[in-house]
There are 2 protein chains.
Amino acid sequence: MPKIVDHEARRRHLAEAVQRLIDAKGMDGVSLREVAAAAGVSMGLVQHYFATKDELLLAALRHLNTRISLRVAAAPQDSPRALLRAGILELLPLDDERRFEARVGLAFLARSVVDAPTAELYRTGLPYVLAFYAGRLAAAQAAGEIPAALDPAHEATVLFAFAQGLVHPALIGHYSPDEVVNAVDRHLARLFAPA
Amino acid sequence: MPKIVDHEARRRHLAEAVQRLIDAKGMDGVSLREVAAAAGVSMGLVQHYFATKDELLLAALRHLNTRISLRVAAAPQDSPRALLRAGILELLPLDDERRFEARVGLAFLARSVVDAPTAELYRTGLPYVLAFYAGRLAAAQAAGEIPAALDPAHEATVLFAFAQGLVHPALIGHYSPDEVVNAVDRHLARLFAPA
DNA sequence: TCCTTCACAATGCACTCGCATGGTAAACAG
DNA sequence: CTGTTTACCATGCGAGTGCATTGTGAAGGA
């Protein structure tokens, strides 16, 4: 047996280099050579771990998704409302880290329109995201914090779409982070208003 | 004076070819050669009307914006509510034409993250779009169709972000056109509910 | 010791890219 | 007619692309 290497660590390292490149130059600023340079490795290594560029990009997207998911999962589980709020704010470019993720994420969103495997990733992931929101909404409903007449699934759709729709205006500077948080809080306040 | 040519017509023709290419292959599927081929002209002509590729892409985005704006402006001016609804549905991929526009628009949205001139276009355009929604909401308020306690500017933000957030899930097939329309109508119905 | 296997590295290839260059044809002014 | 201006076309260049190929060194099993 030859050298022992942590494959997953290498792949993560490369995926992060890809994300940094997308953040800096956009999706078409990503070339195998630049990825290798950004990761501080040779181009041969990149090819060793990813057979094609498509695989590399897909891995970068998966890595992004798991990072965000982990952060949401690590949010304090206090009240359904707080968890819901945290789950929304994690998607919005409120600080450097989330701004980075939002920029990269938007590039992949656009890619998914013309790349079937990328679209498939979103298509399978979306139900889980919506179920998360709907679940918190239903829990709040059970606790009597939200009118029972509301449909959690529909409210989850509105909430998620609303949050997603805030991303781009925030990225180009139309809304400040404070304005984004305020907009979200006003929306939540209305949901959690007494019937 | 040499040959007389309709410059704007030529530029529009090229801009539409660019949009078709973006729809088919995404933003990085656009090359000067392919644009020329898609437009049925020589590559030299493309260069004659656009000094750089960036200019060409920017023209394609402007052309897209004016097309959508014209359609919204042509909507029946019945009630504020109907106009508001029409103004939202025009942005959503409910039929082939709007689906085409949404796909192209999303590509430019992603580009605006890394291309300053593109971002500038969105940044200057957004206030007008939001003002359109806020204006219709205020009119409905004046007519007593919407609770006076609501803030038109905030509701415009929510409405527009919500609509924008529906675009991508609809594009990848998570929501059918009917589901999209229903979601919008449910949101509107709540706004227009008696206080 | 040999030999296989894995982990890379280096190079080369065929292709595409945006753009610059240089030419030609047509239309009108003089 | 000549000259100038505009509208194009064809070609070429240098740079960069993804990927295939080949080579090399190290780590263990037999």
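The shown structure was predicted, so the numbers you read here are calculated from the model rather than taken from an experiment. Sequence lines set the chain letters: A, B, ... in the order given, protein chains first and strands last, and positions in each chain run from 1.
- Here the shortest heavy-atom pairing between B/Gly165 and A/Gln164 reads CA-CB, 4.1 Å.
- Near DNA chain C, meaning a heavy atom under 4.0 Å away, the residues from residues 24-50 of chain B are B/Val30, B/Ser31, B/Leu32, B/Arg33, B/Met43, B/Gln47.
- Under the 30°/60° scheme for interplanar angles, the aromatic rings of B/His7 and B/His48 are found to be tilted.
- The pair A/Arg67-A/Glu97 counts as a salt bridge, with a side-chain nitrogen and a carboxylate oxygen less than 4.0 angstrom apart.
- For A/Asp96 and A/Arg99, the salt-bridge test fails: no basic side-chain N is under 4.0 Å from an acidic carboxylate O.
- Against DNA chain C, the stretch residues 7-16 of chain B makes no heavy-atom approach under 4.0 Å.
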Give every donor-acceptor pair under 3.5 Å between a side-chain atom in residues 21-32 of chain A and any protein atom, sequence neighbours left out.
unit_1	atom_1	unit_2	atom_2	d
A/Asp23	OD1	A/Arg103	NE	2.6
A/Lys25	NZ	A/Glu34	OE1	2.9
A/Lys25	NZ	A/Glu34	OE2	3.1
A/Ser31	OG	A/Glu34	N	3.2

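- For B/Tyr122 and A/His168, the gap between ring centers is short of 6.0 Å.
- In terms of modelled atom types and a separation under 3.5 Å, the side chain of A/Arg123 and the main chain of B/Ile172 share a donor-acceptor contact.
- Within 6.0 Å of CZ on A/Arg85 lie no more than 12 heavy atoms contributed by other residues, nucleotides or ligands.
- Qualifying salt bridge (Lys or Arg N to Asp or Glu O under 4.0 Å) partners for A/Arg190, counting only residues two or more places apart in sequence or in other chains: B/Glu155.
- Partners of A/Glu179 according to the salt bridge (Lys or Arg N to Asp or Glu O under 4.0 Å) rule, which considers only residues two or more places apart in sequence or in another chain, do not exist here.
- Between the axis at the start and the axis at the end of the helix from C/dT1-D/dA30 to C/dG30-D/dC1 there is an angle of 20°, using five pairs per end and rounding to 10 degrees.
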